[in-house]
Amino acid sequence: MGKAKRKNKQAVATEVSGDPSGNTSDRPAKRTKAADGEAKSAEAGPSDRGTSIVEKTTFRNKEKVLILATRGITHRYRHLMGDLKQILPHHKSEPKLDTKDDRGVVNEVAELQNCTSAVLFEVRKHTDLYMWLAKTPAGPSVKFHVVNIHTMAELKLSGNHLLGSRPVLSFDATFDKQPHLQVLKELLSQIFATPKTHRKVKPFFDHVFSFSVADTRIWFRNYQVVLPSDKAGKQQLDGMTLVEVGPRMCLNPIRIFAGGFGGAVLYDNPHYVSPNQIRSDEKREAGKEYKQKVRKKKERKIHQDKFHMQPGLLDDAFDE
Amino acid sequence: MKTKETTMLVSNADSEEDDSDDEFEAELAASGLMDQEEREAIYNVDGLHEGLEQIGWDESVIWEEGRIITNETPTQVSDINDDLSRELAFYNQALTSAREACNLFTKAKVPFRRPDDYYAEMVKSDQHMGKVRERLLVQQKQIEESEQRRKQREAKRYGKQVQAEVLKERKKSKKDMEEKLTKWRKERNKTGGTGDEDDFPMEMMQDKPQAVKGDRSRSGGNKASKKREAKNSKFGFGGRKKLAKQNTAGSSADVDGFRPSRPGVKGGISKKGGGGKGGAASKRPGKARRQQARGGK
């Protein structure tokens, strides 16, 4: 059964990722890329970062994100995609992708659009939403199953912020603990961070994207930052409150691939159970009663055949 | 809304009987689900690191380019299905990061606050925000209304209590009065009815219990109104009146009511000392006595 399979897989995965701190320590020593830098600067404390945030470097963030969906997207998911397009001013959109099987096409489309990464909304059976985040064309890429969606149109999310202001990305500390989460963090931050010099960008800070890990999933929230109108700097920060703007979603990672939209599998989530499996399990559960009834009937028949009454000696004693 | 999606689990087949379990597995094998069991769990740490190196931003990237803040403490959610605690955890994480970001901005002297007179397009339209505001107002109103209803209910309950208390009090005071009165009457009888009026419990005159609204039979029944009395005497009520108002020899000879000394009345005899105030008149008791006689019955 599926459960047994998951158990086995989980055991292997925990063996591999058993000691999160150990994993981070045995990273290759030659690595000098951002995640390392992030970890180091976190150790050094935020004050060090503060002094260096306006230093001149040669590197410029010039990400462009292609956002598109496959055919068969439903209204709710379309709205979610629209919301993402609104909060990512550095996106490019494309018409719906005609195929669900050959996702490699997206790499080419992204190249044509001069995009460095892509977000693909893949909808199956008009019910399940899978979201691909990929660096194109060389990868890596990740496939998420998206649940618990709330779009920006919902009235209970009462915040609002400037269209095109750059967000601050807030990550949970758990993201630095395991290798696959580090990759996810890098992907998410590169896709969701708005480039400083993009032409649609407005200069003020008024919202935060928060990514948290809970229940082995990644939870995305978008908050508006509300500061009281007091001019004194100290009091401003104390009185700071957040109001949720939306959208909300919960991303359950399924697999991480080495390439863009394919390639070798680097990570396979042992906790992931596909919605198809869940549905079929539910159906099986519902059909259990009937199956039980049929089985009992069959057994009763066999039993009756086996132990039927022999004709007795005195059966015809009172006849005639 | 509870997030049901998060708790959906694969159903447990262990509780079933053995034979049905076998059947079940046979079924699974037939449908090809068992094949997946041979699939290996994948966690390619080296591959992941390689991938990270491939895309990771250079170490020299200044913070302002990405604006990425990793919190120092991991976000802990005690119960993932409890909306409130979960959202609170996320909120706190975002708030910590936002504070840190603001600190960084102020330290680097980067202006980050949007001026109050800076108007620009927002992610949500004014129309939409109007709807949001309307909903908030409606919610607030609902809360207020329910609060008011609750208060009213409580006031009613309290009022009932008060009413019961008042009735009880009234009953008690009446009983007290009656006791006092009987006591006084007994004393009067002992002294032979000549006792002074002063020892009459005067508080009875002052605080007689107020008539309860709607209770006419007790208070109004005994006393007819002045008007009724006058009408009764004029037109008759009870007994034969037919000849009572006619003059008789005695009444026509009676000049008792004639008071010649009254100013404006002529032809009377002025008579000092007023014969009218003779023995018969003086026999009428004083007002207090009369009332007392009436009430004491």
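Chain identifiers are assigned alphabetically (A, B, ...) following the order of the sequence lines, protein sequences preceding nucleic acid strands; residue numbering begins at 1 within each chain. Because only heavy atoms are used, hydrogens play no part in the values below, and waters and symmetry mates are left out as well, while side chains stay in.
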Using heavy-atom distances under 4.5 Å, tell me whether [X] contacts chain B through its side chain, its backbone, both, or neither.
X      : answer
A/T194 : backbone
A/P167 : backbone
A/A138 : both
A/V208 : side chain
A/Y223 : side chain
A/I256 : side chain
A/F211 : backbone

Reported [atom1]-to-[atom2] distance for the pair [X] and [Y], which is rounded to 0.5 angstrom:
X      : Y      : atom1 : atom2 : result
A/M240 : B/T96  : CE    : OG1   : 10.0 Å
A/D215 : B/D79  : CG    : CG    : 9.5 Å
A/S141 : B/I55  : OG    : CD1   : 10.0 Å
A/L162 : B/R114 : CG    : CZ    : 4.5 Å
A/F171 : B/N71  : CZ    : CG    : 11.0 Å

[X] vs [Y] side-chain heavy atoms within contact, under 4.5 Å:
X      : Y      : value
A/D172 : B/Q93  : yes
A/V225 : B/F112 : no
B/I69  : A/V168 : yes
A/P179 : B/Y43  : yes
A/K185 : B/T70  : yes
B/W57  : A/N61  : yes

Contacts under 3.5 angstrom, residues 122-142 of chain B side chains, donor-acceptor by atom type, not counting sequence neighbours:
unit_1	atom_1	unit_2	atom_2	d
B/K124	NZ	A/L157	O	2.8
B/K124	NZ	A/G159	O	3.0
B/K124	NZ	A/V245	O	2.9
B/S125	OG	B/H128	N	3.2

Ignoring hydrogens and angles, tell me if any N or O in the side chain of [X] forms a donor-acceptor pair with the backbone of [Y] under 3.5 Å.
X      : Y      : result
B/R67  : A/R166 : yes
A/E186 : B/L52  : no
B/Y91  : A/L242 : yes

Under a 4.5 Å cutoff for heavy-atom pairs, which residue among A/H161, A/E63, A/Q86 has the most contacts with chain B?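 Ranked by heavy-atom pairs under 4.5 Å with chain B, first place is A/H161.
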
Looking only at heavy atoms, what is the nearest atom pair of [X] and [Y], with distance?
X      : Y      : result
B/G66  : A/L169 : O-CG, 4.4 Å
A/K177 : B/P74  : NZ-CG, 4.3 Å
B/G51  : A/P140 : O-CD, 3.9 Å
A/S170 : B/A94  : OG-CA, 4.1 Å
A/G139 : B/Q54  : O-NE2, 3.4 Å

Heavy atoms of other groups near B/E154 CD, more than 12 under 6.0 Å: yes

If we count only N and O atoms by modelled type, under 3.5 Å, do the side chains of B/T75 and A/S212 hold a donor and an acceptor together? no

Tell me, side chain or backbone of B/A101 under 4.5 Å from chain A's heavy atoms, or both, or neither? side chain

Output all residues satisfying salt bridge (charged side-chain N to carboxylate O under 4.0 Å, His left out) with B/E147, sequence neighbours left out; order by chain, then residue number. B/R150

Please verify the inter-ring angle class for A/F204 with B/Y118; under 30° counts as parallel, over 60° as perpendicular, anything in between as tilted.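 Plane angle over 60°, so perpendicular.
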
For B/F90 and A/W219, take the angle between the two ring planes, folded into 0 to 90°, and tell me which bin it lands in: parallel under 30, tilted 30 to 60, perpendicular over 60. tilted

Would you mind checking if A/R221 and B/E87 are paired as a salt bridge, meaning a charged N to carboxylate O distance below 4.0 Å?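 Result for this pair is yes, salt bridge flagged.
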
In terms of heavy-atom pairs under 4.5 Å, which option from B/S97, B/G47, B/A98, B/P111 contacts chain A the most?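 Answer, by heavy-atom pair count under 4.5 Å with chain A: B/A98.
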
